[in-house]
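FYI, side chains are in, hydrogens and waters are out, and symmetry mates aren't considered; it's all heavy atoms of this structure.
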Amino acid sequence: MDFRLVFKLFLVCLLGEVLMAEGLACNWGTRATHLLPPDIVVKLMKDNGIDKVKLFEVVPDVMRALGNSGIQVMVGIPNDMLASLASSVRVAEDWVTQNVSRYVSRNGVDVRYVAIGNEPFLKTYKDMFTHTIYPALENIQAALIKAGLGRQVKVTIPINADVYQSDSGMPSGGNFRPDIQGLMISIVKFLSDNGGPLTINIYPFLSLYADPHFPVDFAFFDGTAAPVVDGGVTYGNVFEANYDTLVWSLEKNGFPNMPIIVGEVGWPTDGDVNANIENARRFNQGLLNRINQGKGTPKRPSPPDIYLFALIDEDAKSTEPGNFERHWGIFYYDGSIKYPLNLANNKNVTAAKGVQYLSRQWCVMRPDADPSDPNLPQSINKACTYADCTSLGYGSSCGGLDVRNNASYAFNMYFQTMNQTKGSCDEFSNLAVITSIDPSTRIRGGACRFEIMIDVGKGGKTRKPTTSSAGRMYNSIFAWSFLLGLLAFVS
């Protein structure tokens, strides 16, 4: 026996386990009214063993903070930029110079991918981006090559599961949607020729959100769901089935070995009856266990890179897809821990350090104010127009409050969003007052949090809420038809 070979194999296996335990990836969004200082977020990621991050757009402060951090970066290009990038190689060259080359050379940012667009083939977009996505892809690739970054930085396109479908309702029946099949083949071939992966976003939560009859356990990884058998292959969860439907789609079109990245996958903690701490912990812990064990799918036993969605809550995102849209983070807006997670090697999730807050004061409904005051509804409406009240919705963490606490929550969110500025608690027809007693402590169960915002005068940054659509409209046509097929099969 060649003991040197055995020892080398042992070291390779050991190293593989170490890398697997440390190789976590996440999405870092910045659609928030009060942004954590980027250096605190970078430290938060490093403290939690996250060494890959996906950004939806280039934010200068964020990019600079990632410099020389050891974190690999995927930078995103929003859909609304596709037309200009498709129009001219020069425009693409300028974009690469300003948003990639600049940070690689000046700040030491380890950019590995450029994600061009985000789910551009959603049917809700009505072909808005189908004519610009491919030329934008070509032009960015040409610009990267010209900048000398063609080997280091690869291009990709994040797609939603509705780009493929299955007539049989099983993964093996998967193929690209007929209306975009030719375009998808061209894109995949271009990515393959240039060493780029295809990125897929998978959302089991949205399967449950879209269909109240969806088998709940099939959304999770703990093996309690009735399995689905596709030929000789057994699927215990919708993530594997969804992923393998893409693999089948690629195989049928001549790309059996196409690299795949899971660009977004996660579970929200608020904003819907199924979006809660318990379900989020169940899902994300199951997902992390798979990552740490190096577990793939029946069609692809080797695990792909998987980017958790998301790192931090974003209270300024559009709620068009649903109120849950602002609550995908494994951390709250301030980097505090939502729920325990075992990341790897029994290491627990770690909160952000060095966060500075506004004063410990809250704006609440006056004790002597009358809940039947005719000015109350319009006052609440004003507060929730300019602040995040999604936790007040049906089935949400604060959805069961009485009238007085409901108003207090809305008033306080407005007060905090306005940085506790003088007079901001006096804008509600004399119905509100400032208190130093945390209203959360008075609410039975303690699930409803009355926030105090980050002090943006001490390193944070404010941002106005967005009014645009959230890009990921979760119009998972595939998920709907696929799951109906599963339901029929298991019943």
Quiz item: Taking all non-hydrogen atoms of both residues, which atom of V100 and which atom of V75 are closest, and how far apart?
Solution: CG2-CG2, 4.4 Å
Exercise. Locate the shortest heavy-atom distance separating I157 from L198; write the atom from each residue and the value.
Key: O-CD1, 3.9 Å
Quiz item: For residues 78-113, which residue pairs qualify under disulfide (SG to SG under 2.5 Å), counting only residues two or more places apart or in two chains?
Solution: none
Exercise. Sort out for me which residue in E325, R326, K317 forms a side chain to side chain contact (heavy atoms under 4.5 Å, CB included) with T390.
Key: R326
Quiz item: Under 3.5 Å, is there a donor-acceptor pair between the side chain of S408 and the main chain of M365?
Solution: yes
Practice problem: Give a yes or no on whether the backbone of V433 and the side-chain of R366 come within a donor-acceptor separation of less than 3.5 Å. | Solution: no
Quiz prompt | No-hydrogen, no-angle side-chain donor-acceptor test under 3.5 Å, D272 and Y209 | solution = no
Quiz item: Of Y203, W328, F324, F220, which is the lone residue that meets ring pair (Phe, Tyr, Trp, His ring centres under 6.0 Å) with W267?
Solution: F220
Quiz item: Are side-chain heavy atoms of F129 and L122 found at a separation under 4.5 Å?
Solution: no
Quiz item: Is it true that a side-chain atom of N412 and a backbone atom of C363 form a donor plus acceptor pair closer than 3.5 Å?
Solution: yes
Quiz item: Any donor-acceptor pair under 3.5 Å linking the side chain of N276 with the backbone of N279?
Solution: yes
Quiz prompt | Minimum side-chain heavy-atom gap N242-L246 below 4.5 Å | solution = no
Quiz item: When you check the gap from the basic side-chain N to the acidic O, do D217 and R282 get nearer than 4.0 Å?
Solution: yes
Quiz item: Can you tell me if N201 uses its side chain to pair, donor with acceptor, with the backbone of E264 under 3.5 Å?
Solution: yes
Self-check item: Atom of A115, atom of M74 and distance for their closest heavy-atom approach
Solution: CB-SD, 3.9 Å
Self-check item: Under 3.5 Å donor-acceptor, N48 side chain and I50 backbone
Solution: no
Quiz item: Taking atom types as modelled and ignoring hydrogens, do the side chains of T199 and T156 form a donor-acceptor contact shorter than 3.5 angstrom?
Solution: yes
Quiz prompt | Closest non-hydrogen atom pair between N79 and P120, with its separation | solution = OD1-CB, 4.4 Å
Quiz item: Yes or no on side-chain contact (heavy atoms from CB on, under 4.5 Å) for V91 and L85, after CA distance, side-chain angles and deciding distance?
Solution: CA-CA 6 Å; V91 173; L85 292 169; 4.0 Å; yes
Exercise. Test side-chain contact (heavy atoms from CB on, under 4.5 Å) on I116 and V155 and set out the steps.
Key: CA-CA 7 Å; I116 300 164; V155 290; 3.9 Å; yes
Self-check item: Note, F239 side chain near I306 side chain (heavy atom, < 4.5 Å)
Solution: yes
Practice problem: Provide the full list of ring-ring contact (aromatic ring centres under 6.0 Å, His included) pairs with a residue in residues 83-121, sequence neighbours left out, each pair given once. | Solution: none
Self-check item: Among L144, L149, V104, L66, the one residue meeting side chain to side chain contact (heavy atoms under 4.5 Å, CB included) with V111
Solution: V104
Quiz item: Taking only residues two or more places apart in sequence, or in another chain, which ones meet R360 in a salt bridge (Lys or Arg N to Asp or Glu O under 4.0 Å)?
Solution: none
Quiz item: Are the side chain of R281 and the backbone N or O of P340 linked by a donor-acceptor pair below 3.5 Å?
Solution: yes
Exercise. Among W28, Y307, F309, find the residue that satisfies the side chain to side chain contact (heavy atoms under 4.5 Å, CB included) test when tested with K54.
Key: Y307
Quiz item: Do N292 side-chain atoms and L343 backbone N/O form a donor-acceptor pair below 3.5 Å?
Solution: yes
Practice problem: Quick one: sort the F428 and Y414 rings into parallel, tilted or perpendicular, breaks at 30° and 60°. | Solution: perpendicular
Quiz item: Closest approach of V58 and M63, non-hydrogen atoms and distance?
Solution: CG1-CG, 3.8 Å
Quiz item: Does a donor on one side chain sit under 3.5 Å from an acceptor on the other, for Q98 and D94?
Solution: no
Quiz item: Without hydrogens or angle criteria, can the side chains of H34 and N419 be said to hold a donor-acceptor pair below 3.5 Å?
Solution: yes
Self-check item: Any side-chain heavy-atom pair of M413 and M453 under 4.5 Å
Solution: yes
Quiz item: Are any of the side-chain heavy atoms of S372 and V403 separated by less than 4.5 Å?
Solution: no
Quiz item: So do the side chains of E57 and T30 get within less than 4.5 Å of each other, counting heavy atoms only?
Solution: yes
Quiz item: Can N237 and Y243 be counted as having a side-chain donor-acceptor contact under 3.5 angstrom?
Solution: no
Quiz prompt | Test log, rule side-chain contact (heavy atoms from CB on, under 4.5 Å), inputs Q361 and F415 | solution = CA-CA 10 Å; Q361 57 181 1; F415 179 60; 3.9 Å; yes
Exercise. Please confirm whether the backbone N or O of R64 pairs with a side-chain atom of N107, one donor and one acceptor, at under 3.5 Å?
Key: no
Quiz item: Judged by modelled atom types alone, do E451 and Y332 share a side-chain donor-acceptor pair under 3.5 Å?
Solution: no
Quiz item: S429 side chain to L431 main-chain N or O, any donor-acceptor pair under 3.5 Å?
Solution: no
Quiz item: Tell me, do R177 and K123 make a side-chain contact under 4.5 Å, heavy atoms counted?
Solution: yes
Quiz item: Is the closest side-chain heavy-atom distance between L24 and I291 below 4.5 Å?
Solution: yes
Practice problem: Could you pull out the closest heavy-atom pair between E314 and R31, with the gap in Å? | Solution: OE1-N, 2.8 Å
